[in-house]
Amino acid sequence: MAAKLTPPSEDYPRWYQEVIQRAELAENAPVRGSMIIKPYGYAIWEQMQSVLDGMFKDTGHVNAYFPVLIPESFLKKEAEHVEGFSPELAVVTHAGGKKLEEPYVVRPTSETIIWDTYRNWIQSYRDLPLLINQWANVMRWEMRPRLFLRTTEFLWQEGHTAHATKEESHEETLRMLEVYARFAEDYMAMPVIQGEKSEREKFAGAVKTYSIEAMMGDGKALQAGTSHDLGQNFAKAFDVKYQSAEGKEEYVWATSWGVSTRLVGALVMAHGDEQGLVLPPRLAPIQTVIVPIYRGEEQMATVLEACSKMEAELKAAGARTHLDDRDQFRPGYKFNEWELKGVPVRIEVGPRDLEKGEVVLAFRHNGEKKTLPLEAVAKEVMSVLDEAQKGLFEKALKLREERTHSVDSYDEFKERVNDGGFFLCHWDGTTETEEKIQQETKATIRNIPFDAPDEAGECMVTGKPSARRVIISKAY
RNA sequence: CGGGGUGUGGCUCAGUUUGGUAGAGCGCCACGUUCGGGACGUGGAGGCCGGAGGUUCGAAUCCUCUCACCCCGACCA
């Protein structure tokens, strides 16, 4: 804890690793690519879960749980799906001391087992829509693991819905993308761009994939959530039909959508700085931390008493509060530690303050300090946290705007892409051009933003016509 | 799978070239002094040196095999 963090400007990936380890979010597990999520990291995930779960319920969804093991043959029923996922499957071949008749796949995602089940659950249009979410772990054997961003096992939620019409399923796909965008912006304080994925980047088995894309502190993009319009692909593969009001037999229309523990990594990289983590108040497990300052036993007693009182008041006011009464560390040490852990507001309570009937509030997101009368703290804490939440979002938005560029020349693009940032460019819509860009620059088309204005132009690579700009960026 | 590298207390690493029976800093424990931006002193605990085999009077060090991890490439999002 004594040494300083590697500055993000010097070595961003190293800074990221250090923040995660030293803020005690997670550590590497014995199995390559898997991680142990530590209590503080898990507490952040629990906050996320709790908010998202509420949003899913508010949009009419219910939770269920499907098994982690899926018969291998299920994966093979949807051609694109198996092709996309087979390289990264973990497969159970032995169990109970015997070789299995049919291997079981550890789920990389649950479409197959869920659609196999939905076949039995859906008979009539009256059974639709079926709106189910699942909180689960999944496993994808990644070659380049990175804590939170890409681990072999990760936690997520996956929504799987079934609808009577194409229009309804499309609406659902976009509704849930909007839910993710609201969550990212209003809770994570992380501005995102909603848009459609290119043909090449879409989910294996989907008709269309939509994503929210966020910019990280180094200017790279991170896909923070996806929502898929699955059309009738899975219904056909698993023979899921319903009888319409007119008595006709129809295949159902499907969606799936998910966000994962990757969002914890997104939080680190969206807001973190030289001091470490910066958590948005609405998701911070600890929103205010009280650090007592004293000399000698006598002062200690007085100060701690005032601190306990304040702790109770803050909790009553609705702020998640921690009193750091550890006697073995001095205040300076604690300041650094709580900054590293990203706590939004620190409250310093010392003899000098108590004499004046005040305390000092220090804000993590902008480093500012402010003095408040003792009795005002509990009254103002929630609005102070709100301000910090807004301030953090504004800061992230400003950073993104500064690092977003419209570029029309491929030469200019190639020159600037290594500096990071989002590039709004015209693209001819073909996979060939997309691949060429990736091969030559390692940047990818993040998505085709919904809110991009209609603007006729020419593809920066081929000069062919293009109707609007897409976001191109290097990505995690 | 190809190229390169690393395995030594909880962490970061020295020691390996030239074999002689294991060290430092941080962390941890105890006591005392400290405490408004990462305190200090004194004492202490903790390691069959990734694993197996071999050479030798003697191996962290040399040889053989093996395992794991990291970086670059390939692959993947």
Side-chain angles (χ1 to χ4, degrees), chain A residues 1-6 11 13-14 17-18 21-22 24 27-34 83-89 108-109 138 140-152 154 156 197-198 200-204 206 209 211 213 220-226 228 258 260 262 265-266 274-276 290-300 302-304 324-341 346-356 358-362 364 367 369 371 434-435 438-439 442-447 473-476:
Chain A
M1 195 70 74
K4 286 217 159 112
L5 276 173
T6 299
D11 185 342
R14 188 165 166 192
Q17 295 276 1
E18 286 181 9
Q21 277 160 23
R22 289 165 61 175
E24 300 185 296
E27 59 190 41
N28 281 305
V31 174
R32 174 190 145 81
S34 60
E83 199 196 320
F85 280 102
S86 55
E88 47 193 50
L89 293 179
T109 177
V138 289
R140 298 178 185 177
W141 214 257
E142 303 287 357
M143 302 185 92
R144 280 189 321 205
R146 244 164 160 270
L147 288 171
F148 286 111
L149 298 180
R150 189 182 276 105
T151 48
T152 52
F154 56 93
W156 76 344
K197 282 284 184 185
S198 71
R200 189 163 164 276
E201 296 267 337
K202 76 171 196 208
F203 176 74
T209 287
S211 73
E213 301 284 333
K220 283 195 188 173
L222 182 80
Q223 178 176 297
T226 48
H228 313 293
S260 71
R262 170 179 257 206
E274 304 71 34
Q275 253 64 252
I290 304 171
V291 178
I293 298 158
Y294 51 78
R295 290 167 198 260
E297 305 245 323
E298 209 174 301
Q299 276 190 359
M300 178 165 117
T302 324
V303 170
L304 282 182
D324 185 358
D325 58 2
R326 293 174 299 175
D327 190 36
Q328 71 266 37
F329 298 116
R330 298 155 91 214
Y333 179 93
K334 295 179 181 177
F335 294 171
N336 280 289
E337 182 177 329
W338 293 114
E339 278 166 11
L340 179 60
K341 291 194 155 197
R346 176 180 71 239
I347 302 176
E348 306 174 9
V349 182
R352 290 207 305 256
D353 307 303
L354 290 180
E355 264 174 44
K356 289 182 274 181
E358 299 173 343
V359 291
V360 174
L361 269 59
R364 180 65 181 88
K369 287 194 181 189
T371 305
E434 190 178 0
E435 276 169 358
Q438 177 169 11
Q439 272 167 18
K442 291 194 165 175
T444 48
I445 296 173
R446 300 318 307 155
N447 68 22
S473 171
K474 292 199 171 187
Y476 281 98

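Chain letters run A, B, ... following the sequence lines, proteins first, then strands; residues in each count from 1.
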Give me the distance, rounded to whole Å, that separates [N] from [M] when you measure between the [atom1] atoms they each carry.
N     : M     : atom1 : value
B/U6  : B/U12 : C1'   : 14 Å
B/G9  : B/C29 : C1'   : 15 Å
B/C65 : B/U61 : P     : 16 Å
B/A52 : B/A77 : C1'   : 40 Å
B/A45 : B/A24 : P     : 13 Å

Counting side-chain heavy atoms from C-beta on, which of B/G36, B/U34, B/G38 comes nearest to A/Arg22?
B/G38
Would you mind telling me which of B/G37, B/C35, B/G38 lies closest to the side-chain atoms of A/Asp327?
B/C35
If you draw the axis of the six-membered ring of A/Phe335, does the NZ or CZ of A/Arg346 fall within 45° of it and under 6.0 Å from the ring centre?
yes
For A/Phe329, does the six-membered ring have the charged nitrogen or CZ of A/Lys334 within the cation-pi criterion, i.e. under 6.0 angstrom from the centroid and within 45° of the normal?
no
Side chain A/Glu339 and base B/G37 donor-acceptor under 3.5 Å
yes
Can you confirm whether A/Glu83 is buried at CD, in the sense that more than 12 heavy atoms of other residues, nucleotides or ligands lie under 6.0 Å from that atom?
no
Tell me whether A/Arg14 at atom CZ has more than 12 heavy atoms from other residues, nucleotides or ligands lying less than 6.0 Å away.
no
When A/Pro351 and A/Gly33 are each assigned the nearest nucleotide of RNA chain B, the 5'-most assignment goes to A/Pro351
Taking for A/Arg330 and for A/Met300 the nucleotide of RNA chain B with the nearest heavy atom, the one nearer the 5' end belongs to A/Met300
So, OP1 or OP2 of B/G36: does either fall under 4.0 Å of a side-chain N or O from A/Arg352?
no
Counterpart base for [N], defined by Watson-Crick or G-U wobble contacts under 3.5 Å:
N     : result
B/U42 : B/A30
B/G73 : B/C1
B/C13 : B/G23

If a protein heavy atom is under 4.0 Å from the base, mark B; if only from the sugar-phosphate, S; if neither, -; do that for nucleotides 71-77 of chain B going 5' to 3'.
--SBBBB
How does protein reach along nucleotides 2-7 of chain B, written 5' to 3' as B (base within reach of a heavy atom under 4.0 Å), S (only sugar-phosphate), or - (no contact)?
------
A/Thr6 and A/Glu18: side chain donor to acceptor below 3.5 Å
yes
Protein-nucleic acid N or O pairs under 3.5 Å, nucleotides 28-31 of chain B:
none

Could you tell me whether A/Asn28 contacts a base, only the sugar-phosphate backbone, or nothing, with contacts defined as non-hydrogen atoms closer than 4.0 Å?
nothing
Quick check: closest heavy atoms across A/Ala443 and A/Lys474, and the distance to 0.1 Å?
CB-N, 4.0 Å
